[in-house]
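Here the structure is laid out as structure tokens; the discussion comes afterwards.
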Amino acid sequence: MSQIWGDISEGELMFCPLPRDSEGDGNHYVTVKTGGYVIVEGAENPEGVALLASCDRFKILDPTVVSVDRKQLEEIYLWTDEMLEMYDHVHDLANGDYTVVVYDAGLGDKVDDAVNSCKELGRLATASTWAQVKESYSEKLEYYVGLLNDEVEEYNS
């Protein structure tokens, strides 16, 4: 845990406030990625994959497990109230109305480059609006997604 978040006993940085554009709309837009499980056709232990997925789901949804995890953060990893509040705040943002879900991972370099260019144009000092960025990259993205769809169709046939 300390390797990921920092060693609290050593005073290392753990969380910092999220920046907000002073000229923006007042919302935090948070990039999030989806997670999932895949299984190879013909795998010998599909029940194992289902069990792992169930365990992860249980860890997120069961209030008792959630409280045990929180108690562990407080007592073992020595998180302060301020750290726990920031953790809750970031979690709420990631599950809120202004998340930007990233679906380009694993779709190849060309799609990834186009999507990253769109994201970067929104972060620059001379940022474009989302409508402008979308318009400037829509043809390129449609082309590369079309190629991917053709590959999927060819594979399936």
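Just so it is clear, the structure is predicted and the values come from calculations on it, not from any experiment.
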Inset, instruction - Search all heavy atoms of L141 against all heavy atoms of A114 and return the closest pair with its distance. - result: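 Closest approach of L141 to A114: CD2-CB, 3.6 Å.
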Legend entry - Over all atoms of both residues, closest heavy-atom pair of V133 and S136: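 Taking V133 first and S136 second, the nearest heavy atoms are O-OG, 2.9 Å.
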Legend entry - Short N-O contact, R70 and D88, less than 4.0 angstrom: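 Yes, charged N to carboxylate O under 4.0 Å.
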To the closest 0.5 Å, what do you measure between [atom1] ([X]) and [atom2] ([Y])?
X: F58; Y: L51; atom1: CZ; atom2: CG; result: 11.5 Å
X: D62; Y: C55; atom1: CG; atom2: SG; result: 11.5 Å
X: W79; Y: Q72; atom1: CH2; atom2: CD; result: 10.5 Å
X: N27; Y: L93; atom1: CG; atom2: CG; result: 9.5 Å
X: D69; Y: T64; atom1: CG; atom2: OG1; result: 11.0 Å

Inset, instruction - Please indicate whether E74 has more than 12 foreign heavy atoms, meaning atoms of other residues, nucleotides or ligands, lying under 6.0 Å from its CD. - result: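 Yes, the 6.0 Å shell around CD holds more than 12 heavy atoms from other groups.
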Inset, instruction - Mark yes when over 12 heavy atoms from residues, nucleotides or ligands other than D109 sit less than 6.0 Å from its CG; otherwise mark no. - result: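 No - once you tally the heavy atoms of other residues, nucleotides and ligands closer than 6.0 Å, there are 12 at most.
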Inset, instruction - Spell out, as yes or no, whether a donor-acceptor pair under 3.5 Å connects the side chain of D112 to the backbone of G108. - result: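 Not at all, since once roles are kept as given, no pair shorter than 3.5 Å links the two residues.
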Legend entry - Side-chain (T99) to main-chain (N95) donor-acceptor, under 3.5 angstrom: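 Side chain of T99 to backbone of N95: no pair is present.
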Please say yes or no: joined through hydrophobic side-chain contacts below 4.5 Å, possibly via intermediate residues, are [X] and [Y] part of one cluster?
X: L147; Y: V145; answer: no
X: V65; Y: L73; answer: no
X: L148; Y: Y155; answer: no
X: V68; Y: L84; answer: no

With a 4.5 Å limit on heavy-atom distance, are the side chains of [X] and [Y] in contact?
X: Y144; Y: K110; result: yes
X: M86; Y: H89; result: yes
X: D81; Y: M83; result: no
X: I60; Y: V66; result: no

Inset, instruction - Could you walk me through whether E154 and V152 pass side chain to side chain contact (heavy atoms under 4.5 Å, CB included), step by step? - result: CA-CA 5 Å; E154 181 181 330; V152 169; over 6 Å; no
